[in-house]
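In this text, all values refer to a predicted model and were calculated from it rather than measured experimentally.
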Amino acid sequence: MKEINFAEIEKKWQQYWRDNQVYKADEKSGKPKYYALTMFPYPSGKGLHVGHPLSYVAADIVARFKKHQGFEVLHPMGFDAFGLPAEQYAIQTGKHPADTTAENIATYKKQLEILGLSYDWDREVRTSDPEYYKWTQWIFLQIFNSWYNKETDRAEPIETLVNRFKVEGSKGFEVENGFTADDWAAFSEAEQEKVLQQFRLAYLAYSEVNWCEALGTVLANDEVINGVSERGGHPVTKKKMRQWFLRITDYAERLLQGLETIDWPEPLKEMQRNWIGKSTGAQVEFKVRGVEFKGEGLKFKEPPSHAGEGLGPTTIEIFTTRPDTIFGSTFMVVAPESDLVQQLITDEQRGEVNQYIEYVKSRSERDRMADVKTVTGAFTGSYAINPFTNEEIPIWTAEYVLASYGTGAVMAVPAHDSRDYAFAKKFGLPINQVVSGGDISKESYDAKEGTLINSGFLNGMEVKDAINEAIEVIEEMGIGKRKVNYRLRDAGFSRQRYWGEPFPIVFDGETPKPLNEGDLPITLPEVVSYKPTGTGESPIAAVNDWVDAGNGLRRETDTMPGYAGSSWYWLRYMDPHNKEAFVGKDKEAFWQNVDLYIGGSEHAVGHLLYARLWQKVLFDLGYVGKDEPFQKMVNQGMIQGTSQIMYRDDLKNEFISYEEYEKSNWTWNSDEVANRPASDKEQLESFEEPTRKFSSIHVPIEYVNANNELDYKKAFEEVPYLTGHKYSANDKGKIVCQPVVEKMSKSKHNVVTPDAMVEKYGADTLRMYEMFLGPITDSKPWNTAGIDGVFKFLRKFWNLFYNKQNEPEISDAAATKEELKVLHSCIQKIEGDIERLALNTCVSSFMICINDLQSLNCNKREILEPLTVLLSPFAPHIAEEAWQLLGKAPSVTSAPYPVFNPAYLVEDAHVYPIMINGKKRHEITLPAGIGQDEAIAKALAEEAVQKWTEGKSLRKQIFVPKKIINLVVG
RNA sequence: GCGGGUGUGGCGGAAUUGGUAGACGCGCUAGACUUAGGAUCUAGUGCCGCAAGGCGUGGGGGUUCGAGUCCCUUCACCCGCACCA
């Protein structure tokens with residue numbers, strides 16, 4: 001058996017590919033294009049782990065396959081290099097994030113290169129490179145200088161809006177304060193900008209951030225745990241800050257509709273649909289009692305009782321998807337965080353409500369989500385008028401209503417909304433059923449079907465009709481209108497951080513002004529310290545020279561969020577060195593958009609939504625030709641790690657074997673005991689109070705063998721956090737650890753890098769093994785148990801080229817029919833499976849093919865040549881070497897793909913299973929073209945069949961050509 | 001609470017349109033070759049059963065000549081989330 005010197009082969013061909021620019025993408029080749037992309041990584045300090053190659057290799061296989069098929073392939077790689085970890089590291093060490101990022105990227109690139117991925121490295125992008133983020137800033141300027149024209153349904157330059165203001169003022173637009181053309185002309189620049197801010201696709205608004213006074217900084221959601229800061233455990237409160245937003249809500253409908261045009265996994269589309277959250281219904285005004293009603297003249301029982309700020313709001317606007325149930329609305333609820341609440345509070349309720357609002361502020365969104373069963377709220381003291389019943393209904397405030405959705409207020413219909421129902425039950429509010437169905441003494445009836453009752457003019461209607469009728473009446477009454485509502489909110493685009501793209505914006509007082517294209521890039525200044533300023537501003541704010549832009553102008557000191565750079569990077573790959581434009585027209589026209597995008601579903605509603613937004617804005621402004629960036633999307637599953645947990649007996653202060661912990665771990669509390677099965681309770685009753693305490697620790701997996709036994713002598717000597725600690729082995733002299741499957745991470749000491757695997761088996765084996773693990777979309781723990789099988793397979797392939805004396809020997813004799821059949825069934829299978837990304841079954845098919853050829857002793861050029869091309873996308877190094885052995889000039893990567901010929905697969909006989917009453921009982925070989933009657937007759941004539949049919953009548957016979965024969969007897 | 005997903009041998013998994021369940025690989029068993037085997041080759045390997053045969057795709061029910069696949073119901077686990085009016 002000829003061994004493969006894979007280390008030498010892989011190095012040799014990687015060098016060849018580099019030297020000869022084998023993977024260079026050329027727009028002028030005249031071939032059709034194919035763009036294969038994997039989500040670029042954030043280069044963390046941990047380096048690449050075995051999970052990364054899953055998507056990289058899959059995309060690489062498709063890219064190489066398409067190249068063989070004659071496509072001009074764009075398959076680039078880059079780095080999402082701005083981000084929090086580098087900045088946190090900088091705060092701790094003082095090292096410049098740019099330096100640590102560069103180091104991490106170098107490590108990643110080295111690891112990527114040894115995997116033999118067919119990247120065109122000339123096209124590498126790094127989002128933190130000024131040459132790149134110059135164009136991120138440029139695109140931001142385009143967004144800033146645009147507005148969404150609802151008439152043309154696309155973004156347009158802001159000038160087109162200004163021109164309309166000049167001619168007809170604000171006519172036809174919803175603005176805070178209407179104005180005429182003359183008003184506009186008379187406005188100061190600041191006043192004009194204030195109006196434009198209501199239209200720009202990038203605008204400033206005040207919104208709440210997680211503010212940690214003790215740390216003097218704004219925290220990401222990630223950094224807040226149970227209402228306190230992750231590091232230090234300091235209290236976190238809400239603070240309003242001026243921030244940039246992208247008006248993604250204007251694109252809600254197009255982002256929704258666009259999903260119909262792209263080939264993405266249905267669950268992913270569903271997540272985006274839910275996130276956009278389109279619902280149709282009505283927006284309705286409810287009058288607040290005590291306020292003069294302009295309409296039909298309702299009578300109020302009492303005069304206004306508001307104190308302090310004078311009268312409250314005249315109306316409260318609500319959005320409802322169930323206008324048919326207005327007759328059943330018995331109270332209203334407004335969001336505690338909305339401004340409305342303060343205006344509605346009466347003197348006698350002020351104390352209670354403010355106390356409640358304080359309570360809500362202390363609750364993180366996590367809290368509010370976790371216990372849905374806790375119903376809380378407070379009565380504001382005010383009443384509204386139900387517009388259909390003319391009855392007074394109390395206005396409450398409760399945390400289940402969010403200021404950010406709809407209008408921040410709801411009409412509560414407890415009979416037909418489960419949350420309203422729970423609320424009404426808790427606070428003793430009336431529940432009036434208005435749709436027949438369900439049993440509202442037990443629970444609300446939320447279904448959108450039934451007949452309207454207790455509902456005046458809606459009585460007797462079906463829900464669907466009642467909704468329409470109700471909206472018509474609402475519109476006639478002039479108190480509301482039909483409305484489509486989206487859950488989607490505008491995207492926050494500011495971060496009070498150092499390591500991100502600076503905004504190309506300066507402030508004249510409060511007025512933002514865009515910088516000129518010629519001023520770009522606005523580069524990050526050097527800072528003395530990466531530590532927070534204490535004011536909530538980014539560290540840049542402390543660099544006065546930089547902030548001062550001359551003429552009394554001050555630079556924006558926020559930076560852009562992590563997703564800015566990743567919202568357009570696929571476009572830069574098309575033309576990465578262009579100094580004149582973010583992408584050249586001709587290059588963009590050639591590559592268009594990404595044909596296959598592979599990445600994790602955790603980006604479903606973040607990156608993948610923002611990327612679509614940016615593409616659509618650029619499309620509207622005429623900069624790109626496609627309005628969807630990723631035509632086909634595939635989610636890869638997560639490769640988890642197996643951690644090893646070691647337990648410590650805290651009282652004895654020594655580490656112990658797992659079974660010691662297990663047998664002592666009966667420390668349930670009484671609540672748990674009540675829910676335990678009886679057998680467990682018995683066990684518990686016989687148990688004494690726990691006298692032992694344990695803690696646990698992750699041990700590095702490299703010190704633990706396949707039986708979960710720790711090499712404790714070595715571990716306690718070498719692992720820094722274990723040295724000097726006491727331990728006690730069990731009576732077999734072992735310390736056993738507990739294996740736990742969890743996410744691979746450095747802190748859990750369970751990271752497996754591809755490096756060691758490549759060293760032991762080679763990149764080709766690792767590539768194929770990762771594909772062999774299972775469907776690309778499945779998550780699974782990393783397990784090397786089967787890697788030998790793949791390694792053996794490659795060796796078998798290799799040995800087809802060698803004779804018994806381990807000399808290369810390839811025959812020029814014509815291939816037999818059988819050999820061609822083996823080859824062509826493989827071609828058919830591989831081609832189909834790559835197209836549907838079933839790469840695991842590709843590997844199986846290769847194994848079958850090689851096993852067959854091996855038993856046929858086939859070493860014929862006619863077979864081995866196409867086979868080598870077939871294998872090349874999967875195991876590119878060994879394929880190149882084999883190609884050379886075949887006497888062909890490199891590179892195999894540009895060899896045309898073998899053409900499948902079905903003629904070789906034609907069978908002249910087929911083995912039919914014979915089923916009796918649906919169970920397989922026998923087999924029979926019949927000619928391929930046999931007809932039903934003859935086949936059944938032959939089947940019935942078989943002795944083994946007669947055994948089953950004897951003494952019974954044949955009731956039915958099924959013959960499916962090339963499939964089965966089924967005989968029903970009885 | 002809402003949304004999405006997954007359940008198939010000892011293990012990873014296969015079965016593309018309702019048509020031979022368990023391909024391929026790991027592991028395991030036996031044998032061959034061998035100084036040796038953690039190399040290689042051959043044979044076997046879903047479960048129960050001596051066999052005939054029976055049972056088998058989380059559980060229960062249904063449609064069908066035929067169900068892993070379709071329908072109803074139920075259980076378990078995983079992932080995501082903004083209580084979304």
Using atom names, set out every protein N or O paired with an N or O of nucleotides 2-11 of chain B below 3.5 Å, distance rounded to 0.1 Å.
unit_1 : atom_1 : unit_2   : atom_2 : d
B/G3   : O2'    : A/Asn274 : ND2    : 2.7

* With respect to the side chain of A/Lys956, which nucleotide from B/G13, B/C65, B/C81 is positioned closest? ->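 It is B/C65.
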* To do: Choose from B/G54, B/A39, B/C84 the nucleotide whose nearest atom is closest to any side-chain atom of A/Arg795.
  =>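 That would be B/A39.
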* Pick the C1' atom in B/G13 and in B/A21, then give their distance to the nearest Å. =>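 Straight-line distance between the two C1' atoms is 13 Å.
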* Asked: Expressed in whole Å, how much space separates the P atoms belonging to B/C48 and B/G10?
  ->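 Taking atom P in both B/C48 and B/G10, they lie 9 Å apart.
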Please produce a list of atom pairs where a protein N or O lies less than 3.5 Å from an N or O of nucleotides 18-21 of chain B.
unit_1 : atom_1 : unit_2   : atom_2 : d
B/U20  : O2     : A/Lys920 : NZ     : 2.9

* Asked: If only atom types and distance count, is the side chain of A/Lys956 paired as donor or acceptor with the main-chain N or O of A/Leu954 below 3.5 Å?
  ->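 No.
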* To do: Could you check A/Lys760 against A/Thr320 and say which one's nearest nucleotide on RNA chain B is further toward the 5' end?
  =>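 The answer here is A/Lys760.
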* **5'-most by nearest nucleotide on RNA chain B - A/Lys829 or A/Ile848** =>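 Counting from the 5' end, the first nearest nucleotide belongs to A/Lys829.
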Calculate the interatomic distance between [X] atom [atom1] and [N] atom [atom2]; express it in whole Å.
| X | N | atom1 | atom2 | value |
| --- | --- | --- | --- | --- |
| A/Lys780 | B/G13 | NZ | C1' | 10 Å |
| A/Phe423 | B/G1 | CZ | C1' | 17 Å |
| A/Phe286 | B/A85 | CZ | C1' | 12 Å |
| A/Gln272 | B/C84 | CD | P | 20 Å |

* Quick one: is B/C24 close enough that its OP1 or OP2 comes under 4.0 Å of any side-chain N or O from A/Asn840? ->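 Indeed not, no polar side-chain atom of A/Asn840 lies that close.
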* A/Arg921 side-chain N/O to B/A52 phosphate OP1/OP2 under 4.0 Å ->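 For B/A52, OP1/OP2 do not have a side-chain N/O of A/Arg921 under 4.0 Å.
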Look for any protein N or O under 3.5 Å of an N or O in nucleotides 25-31 of chain B and output each such pair with its distance, or none.
unit_1 : atom_1 : unit_2   : atom_2 : d
B/G25  : OP1    : A/Asn851 : ND2    : 3.1
B/C26  : OP1    : A/Lys792 : NZ     : 3.0
B/C26  : O2'    : A/Ala785 : O      : 3.0

* Over 12 non-hydrogen atoms of neighbours within 6.0 angstrom of CD in A/Glu266 ->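 Buried by this count: over 12 neighbours within 6.0 Å.
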* Is the CZ atom of A/Arg955 crowded by more than 12 outside heavy atoms at less than 6.0 Å? ->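 Atom CZ in A/Arg955 is not crowded, with 12 or fewer foreign heavy atoms closer than 6.0 Å.
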